[in-house]
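Worksheet: the structure to be examined is printed underneath.
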Amino acid sequence: MTLSIFIQNVMNALQWGSFYALIALGYSMVYGVLLLINFAHGDIFMVGAYIGFFISTFLLGAYGFQLPWKLSGGLVIFLTFLLTMALTAGVGVAIERVAYRPLRRKGVSRLYLVITALMVGLLLENGNLALLGASRRNFPELIPKVLYSVGGVNFSNTKIIVIIVTLLVFVFLQTVVLKTKWGMAMRAISYDRMAVPLMGVPVDTIIVMTFVLGSSMAAVAGILFAVSYPVLEPYMGALVGWKAFIAAVVGGIGEIRGAIAGGFILGFTEIFVATVFPSTFRDLIAFGVLLLILTLRPNGIFGIARRTKV
Amino acid sequence: MLLCVEDLRVGYGPIEALHGITFGVREGEIVTLIGANGAGKSTTLMSIMRLPPPEAPVYHSGKMIFEGRDLTQFSPHHVVSRLGISLVPEGRRIFGNLTVWENLKIAAYAHEDRQEIQKKTKRIFGLFPRLEERRHQAADTLSGGEQQMLSVARAMMTGGRMMLLDEPSMGLAPFLMYELFHVLKEINQQGTTILLVEQNARIALKYAHRGYVLETGNILLEGDARELAKDEKVKKAYLGE
Ligand SMILES: Nc1ncnc2c1ncn2[C@@H]1O[C@H](COP(=O)(O)OP(=O)(O)OP(=O)(O)O)[C@@H](O)[C@H]1O
Ligand SMILES: [Mg+2]
């Protein structure tokens with residue numbers, strides 16, 4: 001492998017790692033506060049990509065309908081991100097309200113919640129299929145692609161954007177969780193949910209905030225993914241979602257750092273396995289490696305075994 | 001009466017745990033609720049706090065009135081933030097993954113007034129200097145006794161009107177236990193009404209003004225704490241004399 005190809009692979013690994021990391025964050029945060037594996041989360045990513053598709057096409061005037069003002073490219077990008085994040089967060093919160101909260105109120109076992117999450121995911125996929133049909137959609141060129149070539153290494157601006165955005169999201173969430181009172185409440189809930197209302201903290205509000213954060217990060221992932229690979233279909237969230245979930249577990253579920261680390265580890269293993277072995281081996285070996293990590297560290301890289309309290 | 005509980009019935013699933021208990025706490029009092037394992041002491045406190053199932057019971061019928069307000073109309077965080085009732089739960093339940101200081105900060109979550117928080121912090125660290133020394137330490141590295149102090153400190157931060165305590169003496173060495181009850185007395189004298197649940201009837205009756213004896217979901221006896229301590233049945237069943 002020449003150095004330029006190596007660097008190219010690193011770029012690809014960082015890009016895919018970013019997608020996994022952004023989605024893994026949502027799995028991880030929801031698990032942290034609810035101990036719920038929200039299997040609908042991969043499909044929230046898909047929903048985010050579609051919402052981003054409709055909003056950007058609309059703003060770019062591709063519906064034969066022109067906005068009264070001409071929007072600059074930067075403004076279109078900004079508005080697409082903002083509106084998509086808000087609407088996707090709305091979807092995430094609605095799912096929490098309609099599907100999870102009533103069950104939680106009844107105090108049902110967590111197994112039912114996980115099964116419900118799986119069903120919600122299937123509903124989102126098939127709802128999309130029924131409403132929009134099986135045809136694939138082409139995401140508009142929201143961010144015009146620019147190719148750079150530095151010392152024989154070729155890469156596009158979108159890759160760089162994906163990686164930078166992911167790092168910004170990481171810093172943002174880490175600040176929220178470690179420095180704000182809401183983040184403190186999230187951490188407290190993950191340790192002992194029963195004691196949290198005793199502090200005067202409205203637990204449901206914190207849960208809603210967690211879904212807002214998780215879903216809007218999935219929306220960011222959805223747009224960035226669609227910008228990089230501009231073909232949308234209803235099942236696009238399924239496999240990526242599963243992989244992101246595994247990334248969250250490998251990193252240590254419930255931990256922001258863990259989701260990021262797990263995402264990048266998965267990205268690197270996938271890309272570099274494919275450079276050495278035939279591509280049909282990629283997932284087999286990549287997941288073998290992840291399984292090995294989990295065998296060595298069952299709680300994930302940043303996860304800590306929860307001490308049982310007296 | 002500051003808190004008035006009348007014919008309260010609550011249960012876990014199909015099983016009724018409190019069969020219509022009636023008791024009251026006057027402003028400024030220390031009232032203790034004593035009883036054996038499984039009598040329903042924790043159940044009573046969790047009902048007052050309106051905590052949700054499955055840990056806490058479901059309300060069936062009866063009255064819980066605090067300062068003329070119907071507690072059943074409040075959600076648990078509002079019982080704490082609007083009414084000023086706090087609970088030191090059984091088994092401490094401090095947030096081990098947060099620092100001591102963060103445990104206190106989260107207890108001030110609903111407070112807006114910074115000066116009020118500072119005042120309370122000062123008072124808390126005055127009573128528990130050891131917590132101040134350890135304020136940057138993760139709470140699960142504290143000793144059992146220190147964790148109990150933190151749990152009481154947290155309750156002081158959230159509330160002020162009334163403090164409920166669920167077996168605060170559990171697992172404390174006698175020396176620490178007396179220290180803790182001293183602090184409780186001081187908190188009481190500074191204006192917080194106290195409802196104290198204890199298995200250690202001796203120390204509870206020593207510090208309380210009045211007491212109730214709870215047995216399998218029913219109030220069996222009530223009265224002045226000193227009289228209860230002299231009662232033959234109480235002596236035999238709870239004081240081991
Ligand atoms: N979460 C629960 N689910 C079902 N039943 C419960 C639950 N908690 C308590 N119980 C039952 O309710 C009854 C009263 O329990 P409670 O915890 O109030 O007793 P207690 O007086 O606090 O006892 P202890 O001194 O051991 O703490 C017991 O019979 C107990 O088994
Ligand atoms: Mg108890």
Side-chain angles (χ1 to χ4, degrees), chain A residues 31-35 100-113 176-209 252-258 299 302-310, chain B residues 12-13 45-46 49-58 74-99 101-112 138-141 144 147-148 151 154-155 157-159 163-164 166 170-171:
Chain A
Y31 185 85
V33 299
L34 284 184
L35 298 183
Y100 305 153
R101 188 181 293 187
L103 289 178
R104 225 172 41 239
R105 285 280 149 78
K106 294 203 177 86
V108 302
S109 119
R110 242 179 279 132
L111 179 63
Y112 294 96
L113 277 169
V176 169
V177 166
L178 295 179
K179 295 282 189 305
T180 69
K181 69 175 185 176
W182 303 286
M184 200 162 63
M186 284 167 67
R187 282 181 288 145
I189 292 178
S190 76
Y191 194 84
D192 187 348
R193 175 130 68 99
M194 189 253 200
V196 170
L198 295 177
M199 303 297 110
V201 178
V203 174
D204 281 337
T205 311
I206 304 297
I207 290 173
V208 165
M209 278 189 42
I253 196 156
E255 283 281 336
I256 303 282
R257 292 172 301 170
N299 293 300
F302 287 108
I304 23 164
R306 189 141 310 166
R307 265 160 284 207
T308 40
K309 285 158 286 152
V310 190
Chain B
Y12 296 98
L45 297 189
M46 289 191 287
M49 297 309 293
R50 307 286 302 127
L51 288 173
E55 293 91 346
V58 175
F74 285 80
S75 40
H77 65 276
H78 283 147
V79 171
V80 175
S81 62
R82 298 208 177 139
L83 300 178
I85 308 180
S86 52
L87 170 67
V88 177
E90 191 168 12
R92 298 157 193 153
R93 312 201 70 147
I94 47 118
F95 302 112
N97 58 340
L98 307 188
T99 63
W101 180 232
E102 285 177 323
N103 268 273
L104 292 175
K105 267 209 318 211
I106 197 172
Y109 184 94
H111 295 325
E112 300 291 341
D140 62 0
T141 61
Q147 291 188 7
Q148 188 61 270
S151 192
R154 247 178 13 176
M157 188 60 106
T158 58
M163 188 185 291
L164 318 180
D166 198 343
M170 196 160 57

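A quick note: this is a predicted structure, and the numbers were derived from the prediction, not measured.
To the nearest 0.5 Å, atoms OH (B/Tyr109) and CD1 (A/Ile206) are separated by 3.5 Å. To the nearest 0.5 angstrom, B/Arg93 atom CZ is 8.5 Å from A/Leu198 atom CG. Atom-to-atom distance recorded for A/Met199:CE and B/Ser86:OG is 8.5 Å, nearest 0.5 angstrom.
Contact count versus chain A (heavy atoms, under 4.5 Å) is highest, among B/Asn103, B/Ile85, B/Leu98, for B/Leu98. Note on B/Gly96, B/Ala110, B/Ala107: by heavy-atom pairs under 4.5 Å with chain A, the leading option is B/Gly96.
Annotation for A/Tyr112: atom OH does not count as buried by contact number, only 12 or fewer foreign heavy atoms lying within 6.0 Å.
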Worked check of side-chain contact (heavy atoms from CB on, under 4.5 Å) between A/Met184 and B/Lys105: CA-CA 9 Å; A/Met184 200 162 63; B/Lys105 267 209 318 211; 3.7 Å; yes

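B/Glu102 touches chain A through backbone and side chain together, each having a heavy atom under 4.5 Å away. Heavy atoms closer than 4.5 Å to chain A are found in both the backbone and the side chain of B/Ile106.
In this view, A/Val208 and A/Val93, A/Glu96, A/Arg101, A/Val212 satisfy the side-chain contact (heavy atoms from CB on, under 4.5 Å) rule, not counting sequence neighbours. Shown here are the salt bridge (Lys or Arg N to Asp or Glu O under 4.0 Å) partners of B/Arg82, two or more places apart in sequence or in another chain: there are none.
Put simply, the side chain of A/Met194 reaches to within 4.5 Å of the side chain of B/Met46, judged on heavy atoms. B/Ile94 is not listed as a side-chain neighbour of A/Tyr191, based on a closest heavy-atom distance of 4.5 Å or more.
For the pair B/Val80 and A/Gly200, the tightest heavy-atom approach, listed with the atom from each and the gap, is CG1-N, 3.6 Å.
B/Asn97 places a side-chain N or O within donor-acceptor distance of the main-chain N or O of A/Arg187, the cut-off being under 3.5 Å.
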